[in-house]
Amino acid sequence: AMSFTFGMVDFPGQMDSAVSAINDKGAIVGGYGTNGVGDGVSNHGFLLKGTKFTEIDYPGAAWTEPNGINYSGVIVGQYGASFSETHGFKLVGTTYTPIDYPGADDTSANGINKSGDIVGAWSSGGVSHGFLLSKGVFTSLDYPGAAYTAAIRINKAGVIVGLYSITGSDTHGFLYSGGTFTTIDY
């Protein structure tokens, strides 16, 4: 049997905190604030390295939500100037770079691998799709026949996991490798 140690991750002085991802070095990203746990949007993001918290706030944004961090400490996530819009971002050191899928109404960057490949979701006209951003080139990812697709994480081999829905009320996991989607249902 495996044993685990559990610990609390709470941004100092905040009632609501949520973690989103951890890298191989133990660095954690997440969000906190009054719009935090429960509604999917945090007011502010954070990076936790050891016991040191650092705020992550996209410049000029009303909200920031980090979703992924790679081995090198590059962070990806989403932000908005209002709570009704979503743009993706990449944070390297202290430099923020916006990520917007071409022609999308909304974009969310969800995961990043060691090579810097980014996965996420974009929508236009109410239809959601997954994406891969590799070497500056966007590729849309749509599970065959799905009404909704979102890419969530990518590993160093380029294998992508995410979720999709055919009817809008069902949710399934997927694995995407070598151009082939495989459903993952418990």
Side-chain angles (χ1 to χ4, degrees), residues 2-80 86-101 106-122 130-136 138 141 150-163 173 175-177 184:
M2 297 176 72
S3 65
F4 298 93
T5 302
F6 292 89
M8 298 287 288
V9 177
D10 286 325
F11 193 88
Q14 297 297 315
M15 181 179 289
D16 291 331
S17 297
V19 297
S20 302
I22 185 170
N23 70 10
D24 293 339
K25 294 180 180 179
I28 296 171
V29 293
Y32 72 92
T34 56
N35 290 328
V37 178
D39 67 5
V41 177
S42 299
N43 285 5
H44 308 278
F46 68 79
L47 167 66
L48 173 59
K49 287 175 135 181
T51 60
K52 182 179 188 258
F53 282 91
T54 303
E55 286 187 315
I56 298 174
D57 285 317
Y58 194 93
W63 61 274
T64 303
E65 188 173 297
N67 294 326
I69 182 169
N70 72 4
Y71 183 82
S72 301
V74 178
I75 297 168
V76 295
Q78 57 194 25
Y79 72 95
T86 304
H87 302 278
F89 74 85
K90 177 172 80 170
L91 173 59
V92 180
T94 59
T95 303
Y96 289 87
T97 303
I99 298 173
D100 286 309
Y101 192 93
D106 293 298
T107 303
S108 173
N110 297 326
I112 182 168
N113 67 10
K114 192 173 183 177
S115 300
D117 298 325
I118 298 169
V119 294
W122 67 279
F131 74 80
L132 166 65
L133 174 58
S134 181
K135 297 176 179 65
F138 281 98
L141 301 172
I152 305 298
R153 296 287 184 258
I154 182 169
N155 70 10
K156 65 182 177 181
V159 178
I160 299 168
V161 294
L163 54 101
L175 181 139
Y176 181 76
S177 180
I184 301 173

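Rounding to the nearest 0.5 Å places NZ of Lys49 at 7.0 Å from CD1 of Ile69. Here Ile75 contributes atom CD1 and Ile112 contributes atom CD1; the two are 9.5 Å apart, rounded to the nearest 0.5 Å. Of the inter-residue distances, the one linking Leu132 atom CG with Ile154 atom CD1 reads 5.0 Å to the nearest 0.5 angstrom. Atom CE in Met8 sits 8.5 Å away from atom OG in Ser17 (nearest 0.5 Å). Here OG1 of Thr107 is found 6.0 Å from CZ of Phe131. Values are rounded to the nearest 0.5 Å.
Taking the side chain as every heavy atom from C-beta outward, Gln78 and Trp63 approach each other to under 4.5 Å.
Of all the heavy atoms in Ser177 and Val159, the pair that sits closest is OG-CG2, 3.8 Å. When every heavy atom of Pro98 is checked against every heavy atom of Tyr79, the shortest pair comes out as CB-OH, 3.8 Å. Of all heavy-atom pairs spanning Ala21 and Arg153, the tightest one is CB-NH2, 3.6 Å. Of all heavy-atom pairs between Ile160 and Ala151, the closest is CG2-CB, 3.8 Å. Nearest approach of Gly30 to Pro66, heavy atoms of both residues: O-CD, 3.3 Å. Minimum interatomic distance between Gly120 and Asn110 (heavy atoms only, all atoms of both residues): CA-ND2, 3.5 Å.
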* Does the pair Asn113 and Asn70 meet the rule for a side-chain contact (heavy atoms from CB on, under 4.5 Å), with working shown? -> CA-CA 5 Å; Asn113 67 10; Asn70 72 4; 5.9 Å; no
* **Steps toward side-chain contact (heavy atoms from CB on, under 4.5 Å) verdict (Tyr176, Val119)** => CA-CA 12 Å; Tyr176 181 76; Val119 294; over 6 Å; no
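In this structure, Thr64 contributes its side chain and Gly45 its backbone to no donor-acceptor pair below 3.5 Å.
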Would you mind writing out the side-chain donor-acceptor pairs for residues 86-94 within the sub-3.5 Å range, not counting sequence neighbours?
residue: His87; atom: ND1; partner: Asp100; partner atom: OD1; Å: 2.9
residue: His87; atom: ND1; partner: Asp100; partner atom: OD2; Å: 3.4
residue: His87; atom: NE2; partner: Glu85; partner atom: OE1; Å: 2.5

Taking only distance into account, with no hydrogens and no angle test, what donor-acceptor pairs under 3.5 Å do side-chain atoms of residues 50-57 form with protein atoms, sequence neighbours excluded?
residue: Glu55; atom: OE2; partner: Tyr32; partner atom: OH; Å: 2.2
residue: Asp57; atom: OD1; partner: His44; partner atom: ND1; Å: 2.9
residue: Asp57; atom: OD2; partner: His44; partner atom: ND1; Å: 3.2

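For Tyr101, the ring pair (Phe, Tyr, Trp, His ring centres under 6.0 Å) criterion is met by Trp122, Phe138, not counting sequence neighbours.
For the residue pair Ser115/Asp117, the side-chain donor-acceptor check at 3.5 Å is not satisfied.
The environment of NZ in Lys25 is crowded: more than 12 heavy-atom neighbours from other residues, nucleotides or ligands sit within 6.0 Å.
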